[in-house]
Trainee: 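Dropping a structure here in structure tokens format, bear with me for questions.
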Amino acid sequence: VPGPGGASEITFELPDNAKQCFYEDITQGTKCTLEFQVITGGHYDVDCRLEDPDGNVLYKEMKKQYDSFTFTASKNGTYKFCFSNEFSTFTHKTVYFDFQVGEDPPLFPSENRVSALTQMESACVSIHEALKSVIDYQTHFRLREAQGRSRAEDLNTRVAYWSVGEALILLVVSIGQVFLLKSFFSDKRTTTTRV
Amino acid sequence: MRDGRRARVGRCRGGWRRAMGRPALLLLALCAAGARGLYFHIGETEKRCFIEEIPDETMVIGNYRTQMWDKQKEVFLPSTPGLGMHVEVKDPEGKVVLSRQYGSEGRFTFTSHTPGDHQICLHSNSTRMALFAGGRLRVHLDIQVGEHANNYPEIAARDKLTELQLRARQLLDQVEQIQKEQDYQRYREERFRLTSESTNQRVLWWSIAQTVILILTGIWQMRHLKSFFEAKKLV
């Protein structure tokens with residue numbers, strides 16, 4: 001019988017050439033969902049790997065930007081999932097993941113309902129579920145917006161540096177060309193008399 | 001995203017009462033271990049940081065529990081006194097909001113006053129470093145944000161609410177969180193728009209500047225070379 005469930009939502013920074021693993025003890029029969037998204041860094045991709053207590057790989061994807069994986073725990077024990085940025089040489093990545101284990105705990109601790117919910121209570125429950133999905137969508141939207149904003153800010157700084165750089169190179173090359181050309185004609189008088 | 005779990009042993013016991021048989025023993029073992037949930041391993045001097053992007057006036061509650069690796073028994077000890085974790089929270093501007101030392105088990109709370117990325121950093125700060133030398137530390141962590149940080153049974157007891165009133169209160173809290181998130185989204189969209197407009201301006205002015213530099217240097221080159229060749233009597 002699966003025990004009380006819950007969810008863990010964590011955003012963390014994954015340095016280059018690093019791997020970070022998280023573990024959770026899950027009871028058999030619990031339905032779990034792992035969802036992850038890369039928010040900032042490089043090509044916005046990460047390797048993800050999920051293993052069961054015996055070490056069997058349940059999910060393995062390389063260089064994924066976003067994914068969602070649902071599974072039912074086939075045995076009791078410690079499940080492990082890892083995010084790897086080992087393929088990247090110098091970009092740090094910010095990764096968000098949401099690991100949902102089982103159902104959410106009930107509102108009332110001594111929940112041992114034998115009687116059915118009243119209409120009002122059922123209405124409240126369905127509104128609660130709908131609002132949960134609204135909050136869920138808001139989170140996904142916020143993450144996508146964070147991605148877009150991070151790219152826009154990168155573009156902004158890059159435009160600044162490259163513009164200044166190009167202007168300087170332009171000046172240096174123009175002036176340099178003239179002096180180089182002058183130097184061709186300065187000393188060797190013998191080469192200039194050909195008509 | 002979904003309704004969070006609060007790290008309370010009391011609620012764990014409720015779950016045990018429901019289950020029977022062998023799974024109950026496992027649950028009991030897990031409950032005896034304290035806060036159930038996600039954990040990770042941390043090295044001696046390692047610092048782990050987590051980011052929470054939150055709207056303003058949002059409460060964040062973090063619970064953690066640490067266990068130390070016992071080299072002889074090859075198992076993680078249930079709890080070790082003398083272990084400590086230093087928790088540091090920085091707001092989006094880099095200002096330190098919370099910087100405190102907690103024991104091997106702790107709970108930290110802060111409320112955001114500016115919207116944005118708050119950084120929560122944990123690193124171990126043990127009073128008995130010899131115990132820890134070369135070992136690993138297992139950290140159970142649970143971070144609850146906004147509406148998920150509310151403890152409904154406690155609110156029901158404190159305000160003496162009926163079941164229906166408690167459900168209505170939960171819905172109100174959820175809607176409030178949605179509203180705050182939407183306000184935050186408006187603020188973020190404005191920032192994004194300012195960044196895009198700044199990029200637009202920069203591209204425009206620097207392109208004009210570069211074209212002007214190109215034309216001016218071209219003219220200067222021609223005049224300079226012309227006067228040079230005239231002086232050399234080649235033209």
Side-chain angles (χ1 to χ4, degrees), chain A residues 1 3-13 20-25 27-28 76 94 98-100 104-105 107-112 120-121 124 127-128 131-132 134-136 138-139 141-142 145-146 148-149 152-153 155-156 159-160 163 166-167 170-171 174-175 177-178 181-182 185 192, chain B residues 1-5 10-12 14-15 18-20 23 26-27 30 36-41 48-53 142-143 152-153 163-164 166-168 170-171 174-175 177-178 181 185 188-189 191-192 195-196 198-199 202-203 206 209-210 213-214 217-218 220-221 224-225 228 232 234:
Chain A
V1 176
S8 306
E9 258 193 326
I10 289 194
T11 311
F12 66 97
E13 200 178 274
Q20 276 187 19
C21 294
F22 296 88
Y23 309 82
E24 183 143 5
D25 298 324
T27 51
Q28 186 176 16
N76 292 325
T94 310
D98 177 33
F99 193 50
Q100 169 89 19
D104 288 329
L107 198 57
F108 307 99
S110 53
E111 189 87 44
N112 225 330
M120 282 296 285
E121 283 168 354
C124 283
I127 296 174
H128 178 66
L131 290 179
K132 270 205 293 196
V134 170
I135 293 175
D136 197 8
Q138 275 190 328
T139 305
F141 185 75
R142 172 170 54 80
E145 189 269 343
R149 190 160 31 90
E153 281 167 6
L155 187 64
N156 197 20
V159 161
S163 305
E166 270 192 48
L170 204 55
L171 274 171
S174 314
I175 296 172
Q177 271 179 337
V178 169
L181 212 56
K182 279 167 74 169
F185 292 98
T192 56
Chain B
M1 284 177 70
R2 291 162 187 86
D3 229 11
R5 188 180 21 94
R11 275 202 19 261
C12 224
R18 278 211 318 263
M20 286 296 149
L26 177 66
L27 268 173
L30 291 174
R36 246 192 83 248
L38 201 69
Y39 61 86
F40 54 90
H41 295 140
R48 283 285 179 96
C49 291
F50 301 96
I51 299 163
E52 286 294 332
E53 193 177 356
D142 176 34
I143 300 175
Y152 288 104
E163 208 177 287
L164 200 59
L166 190 68
R167 282 191 195 276
Q170 190 188 37
L171 293 176
Q174 273 188 307
V175 168
Q177 187 176 352
I178 291 170
E181 185 78 34
Q185 206 254 306
R188 285 192 323 262
E189 188 270 338
R191 261 189 61 189
F192 185 42
T195 307
S196 303
S198 157
T199 307
R202 282 184 196 183
V203 164
W206 278 103
Q210 280 180 17
I213 290 174
L214 196 58
T217 50
W220 173 80
Q221 273 182 332
H224 192 89
L225 283 175
F228 174 68
K232 290 271 176 191
L234 291 168

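When reading the values below, keep in mind they use all heavy atoms of this one structure, side chains included, and skip hydrogens, waters and symmetry mates. On a predicted model such as this, the values are computed, not experimentally measured, just so you know. Below, chain A is the first sequence line, B the second, and so on; all start at residue 1.
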Trainee: Return the CD to CG distance between E9(A) and L38(B), rounded to the nearest 0.5 Å.
Mentor: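 Rounded to the nearest 0.5 Å, the CD-CG separation comes to 12.0 Å.
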Trainee: Should the pair R188(B)-E153(A) be classified as a salt bridge under the 4.0 Å nitrogen-to-oxygen rule?
Mentor: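 Between E153(A) and R188(B) there is no salt bridge, as every charged N stays at least 4.0 Å from the carboxylate O atoms.
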Trainee: If we only count heavy atoms from C-beta on, is the E189(B) to E145(A) side-chain gap below 4.5 Å?
Mentor: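 In short, these two side chains do not touch, never coming nearer than 4.5 Å.
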Trainee: Taking it one step at a time, do T11(A) and F50(B) satisfy side chain to side chain contact (heavy atoms under 4.5 Å, CB included)?
Mentor: CA-CA 6 Å; T11(A) 311; F50(B) 301 96; over 6 Å; no
Trainee: Counting only non-hydrogen atoms closer than 4.5 Å, does Q210(B) touch chain A with its backbone (N, CA, C, O), its side chain (CB onward), both, or neither?
Mentor: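 For Q210(B), heavy atoms of backbone and side chain both lie under 4.5 Å from chain A.
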Trainee: So what's closer than 4.5 Å to chain B heavy atoms on F99(A): side chain, backbone, both or neither?
Mentor: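 Just the side chain, heavy atoms under 4.5 Å.
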Trainee: How long is the straight-line distance from NZ of K182(A) back to CG of L225(B), given to the nearest 0.5 Å?
Mentor: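 Spacing of CG (L225(B)) from NZ (K182(A)) equals 8.0 Å.
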Trainee: Does any heavy atom of chain A fall under 4.5 Å from the side chain of I51(B), the backbone, both, or neither of them?
Mentor: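 The answer is both parts of I51(B).
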Trainee: Select, from L155(A), L171(A), L170(A), the one with the greatest count of heavy-atom pairs under 4.5 Å involving chain B.
Mentor: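 Most pairs with chain B among the choices: L170(A).
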Trainee: Could you report the tightest heavy-atom contact between F40(B) and Y23(A), atom names first, then the distance?
Mentor: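 Here F40(B) and Y23(A) meet closest at CA-CD1, 4.1 Å.
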Trainee: I want to check something: taking the side chain as every heavy atom from C-beta on, are Q221(B) and S174(A) in contact at a cut-off of under 4.5 Å?
Mentor: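 Q221(B) vs S174(A): side chains touch.
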Trainee: Locate the shortest heavy-atom distance separating C124(A) from L164(B); write the atom from each residue and the value.
Mentor: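 Closest approach of C124(A) to L164(B), heavy atoms only: SG-CD1, 4.2 Å.
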Trainee: Of all heavy-atom pairs between G148(A) and F192(B), which one has the smallest distance, and what is that distance?
Mentor: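 Minimum heavy-atom contact is O-CE1, 3.6 Å.
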Trainee: Would you name the heavy atoms of G37(B) and E24(A) that are closest together and state the gap between them?
Mentor: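 That would be CA-OE2, 3.6 Å.
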Trainee: Most heavy-atom pairs under 4.5 angstrom with chain B, which of A160(A), S163(A), A146(A)?
Mentor: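 Option with the greatest count: S163(A).
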Trainee: Can you find a pair of side-chain heavy atoms, one from I135(A) and one from I178(B), that are under 4.5 Å apart?
Mentor: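 I135(A) vs I178(B): side chains touch.
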Trainee: For E52(B) and R142(A), run salt bridge (Lys or Arg N to Asp or Glu O under 4.0 Å): C-alpha distance rounded to whole Å, both residues' side-chain angles, the deciding distance at 0.1 Å, then the answer.
Mentor: CA-CA 12 Å; E52(B) 286 294 332; R142(A) 172 170 54 80; over 6 Å; no
Trainee: Taking side chain as C-beta onward, heavy atoms only, is Q20(A) less than 4.5 Å from R48(B)?
Mentor: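 Yes; the side chains approach each other to less than 4.5 Å.
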Trainee: Using a cut-off of under 4.5 Å for heavy-atom pairs, which of H41(B), R202(B), R191(B) has the most such pairs with chain A?
Mentor: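 Option with the top pair count is R202(B).
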Trainee: Using side-chain heavy atoms (C-beta onward) and a distance below 4.5 Å, is Q185(B) in contact with Q138(A)?
Mentor: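 No. Closest side-chain heavy atoms not under 4.5 Å.
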Trainee: Does any non-hydrogen side-chain atom of Q174(B) lie less than 4.5 Å from one of H128(A)?
Mentor: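 Yes, side chains in contact.
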Trainee: As a quick check of understanding, evaluate side chain to side chain contact (heavy atoms under 4.5 Å, CB included) for L171(B) and L131(A), giving each step before the final call.
Mentor: CA-CA 8 Å; L171(B) 293 176; L131(A) 290 179; 4.0 Å; yes
Trainee: F228(B) versus chain A, heavy atoms under 4.5 Å apart: side chain, backbone, both or neither?
Mentor: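 Just the side chain, heavy atoms under 4.5 Å.
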Trainee: Check the pair N156(A), T199(B) against side-chain hydrogen bond (donor to acceptor under 3.5 Å, both in side chains), reporting the backbone distance first and the verdict last.
Mentor: CA-CA 5 Å; N156(A) 197 20; T199(B) 307; 3.2 Å; yes
